[in-house]
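Lettering of chains follows the sequences in order, A, B, ..., and the numbering in each one begins at 1.
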2 protein chains.
Amino acid sequence: MGHEMSANTDVDVEKRVPLSRDRLLRGAIVVADAGGLGSLTMRSLAQELGVKPMSLYHHVANKEEILDGIIDVVFSEIELPSADPDWRSAMRHRAISARGVLGRHPWATSLMESRTNPGHATLRHHDAVIGVFRCAGFSVAMAAHAYSLLDAYIYGFALQEAGLPFDSKTAPEVAEAILARFPTDEYPYLAELTTEHVLQPGYDYGNEFGFGLDLILDGLEMLQTTD
Amino acid sequence: MGHEMSANTDVDVEKRVPLSRDRLLRGAIVVADAGGLGSLTMRSLAQELGVKPMSLYHHVANKEEILDGIIDVVFSEIELPSADPDWRSAMRHRAISARGVLGRHPWATSLMESRTNPGHATLRHHDAVIGVFRCAGFSVAMAAHAYSLLDAYIYGFALQEAGLPFDSKTAPEVAEAILARFPTDEYPYLAELTTEHVLQPGYDYGNEFGFGLDLILDGLEMLQTTD
DNA sequence: ACCTGAACACCGTTCAAGT
DNA sequence: ACCTGAACACCGTTCAAGT
């Protein structure tokens with residue numbers, strides 16, 4: 001439905017614009033956002049772009065290159081950390097931006113596993129983050145530790161969030177359905193946590209992000225001033 | 001090669017054993033471990049089991065059920081946390097076990113994103129972890145925070161590790177190749193970190209896991225005693 | 001009850017042909 | 001230079017038929 005609408009409204013505009021690598025990648029992200037990574041095929045992408053499947057091969061060598069490309073576009077959407085001397089707030093800001101971007105492209109996090117061909121935006125992003133730590137006085141080894149920890153947390157949280165069977169808003173209904181499916185006495189702690197926490201009004205799994213992020217930043221701050 | 005060997009040595013034994021859901025799932029994990037998730041097809045799995053593709057449908061409804069099933073088998077391989085009153089060491093032990101299991105099945109972490117149908121082993125595992133926190137005196141909300149944080153870190157680290165273009169041992173050669181491909185002056189901090197840290201003899205990315213894990217456990221310990 | 005051959009509607013990709 | 005139709009070797013899955 002949304003897919004068709006986009007094709008209908010844009011088709012006359014897009015028709016005259018010649019296909020380009022950039023337009024191809026943006027189209028791929030639109031398709032993946034709408035229907036998940038499984039719905040992104042050379043044929044579905046071609047249709048989104050108003051072109052035949054074989055035309056795509058004039059702008060990319062194969063589908064692998066598309067996947068590498070859209071990951072790099074996703075990275076380019078994450079705000080670079082500011083050169084603020086306050087590394088903690090720069091890192092906090094950047095972590096929140098990253099989580100937001102990964103939340104808008106739920107297919108992206110799991111795709112990073114198989115991509116070993118980082119693009120320009122990806123490398124520049126990594127460089128900027130490490131730079132903030134180094135300028136704040138972290139040793140090289142400590143910057144590596146900090147970066148590994150922070151990004152593991154961000155990606156892992158995004159992965160968990162993407163895996164939730166509900167969108168944070170409609171949690172209650174679904175949690176209740178899951179709870180009903182398994183015997184409460186077999187998983188007592190899970191049942192307790194679900195009823196007393198997840199099913200409480202106003203619960204939003206997304207809020208858990210800040211807790212972990214601040215705990216990690218606190219720990220890094222302590223190690224740095226102690227060092 | 002390894003695939004063929006397994007088929008050759010086991011085919012006579014496996015032939016007489018009737019196909020079962022259990023044997024099917026174990027076979028699927030063998031195939032995915034050997035060639036990645038992309039190599040796991042109904043046809044390749046059937047061949048591994050010495051059977052025709054259509055026979056599989058007698059034991060599972062479809063491929064989705066296989067994916068749900070192997071994720072649950074992977075969860076069952078992770079050691080449950082001991083009922084040790086020392087929650088910190090129980091959690092540390094369990095985190096290391098989880099990371100090891102995910103490292104042996106690199107395809108598993110990214111698969112968790114799309115699985116919204118947790119099996120028995122998965123639920124029991126979650127229940128046991130939450131139980132350790134509750135028994136150690138964590139509030140329900142605090143147990144939820146702690147679990148979300150720890151698992152985000154574990155999954156995220158496993159995802160990063162799976163995405164490395166090298167296995168930890170052969171890091172130097174590959175890192176050098178990557179470094180050569182991009183201009184050092186464009187990514188100065190990345191270059192510095194690579195040459196002065198990653199390329200040092202004895203570097204193993206896997207060692208970063210302990211740093212983050214201990215920082216997180218320290219933070220949780222402090223919050224708990226303060227509370 | 002368990003297995004299977006043939007067939008269907010899909011994939012990514014190649015190749016030779018069109019403008 | 002850019003696009004494409006037909007074809008190839010694959011997918012997951014259905015259905016009717018075998019033992």
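- The aromatic rings of B:His145 and A:Phe211 sit parallel to each other, their planes meeting at less than 30°, with 60° as the upper class boundary.
- Rounded to the nearest 0.5 Å, atoms NE2 (A:His125) and CD (A:Glu79) are 10.5 Å apart.
- A distance below 6.0 Å separates the ring centres of A:Tyr153 and A:Phe209.
- Atom CG in B:Leu40 sits about 17 Å away from atom P in D:dC10, given to the nearest Å.
- Between the A:Gln200 side chain and the A:Thr195 main chain, a donor and an acceptor come within less than 3.5 Å of each other.
- In this structure, D:dC10 forms no base pair with any nucleotide, since neither Watson-Crick nor G-U wobble geometry is met with both distances under 3.5 Å.
- The aromatic rings of B:His126 and B:Tyr147 sit perpendicular, their planes meeting at an angle over 60°, well past the 30° parallel limit.
- Rounded to an integer number of Å, the gap from B:Arg43 CZ to C:dT4 P is 14 Å.
- Judged by Watson-Crick or G-U wobble contacts below 3.5 Å, the nucleotide C:dA16 has D:dT4 as its partner.
- Within 4.0 Å (heavy atoms only), B:Ser55 reaches at least one base atom of the nucleic acid.
- Of the two residues near DNA chain D, B:Met54 and A:Lys52, the one whose nearest nucleotide lies more 5' is A:Lys52.
- Scanning residues 56-65 of chain A for heavy-atom distances under 4.0 Å to DNA chain C yields A:Tyr57, A:Asn62, A:Lys63.
- The separation between A:Met42 atom CE and D:dC10 atom P is 19 Å, rounded to whole Å.
- Across the protein-nucleic acid pair, B:Gln47 atom CD and D:dC11 atom C1' stand 15 Å apart, rounded to whole Å.
- A:His105 and A:Asp33 are linked by a side-chain donor-acceptor pair at a separation below 3.5 angstrom, with hydrogens and angles left out of the test.
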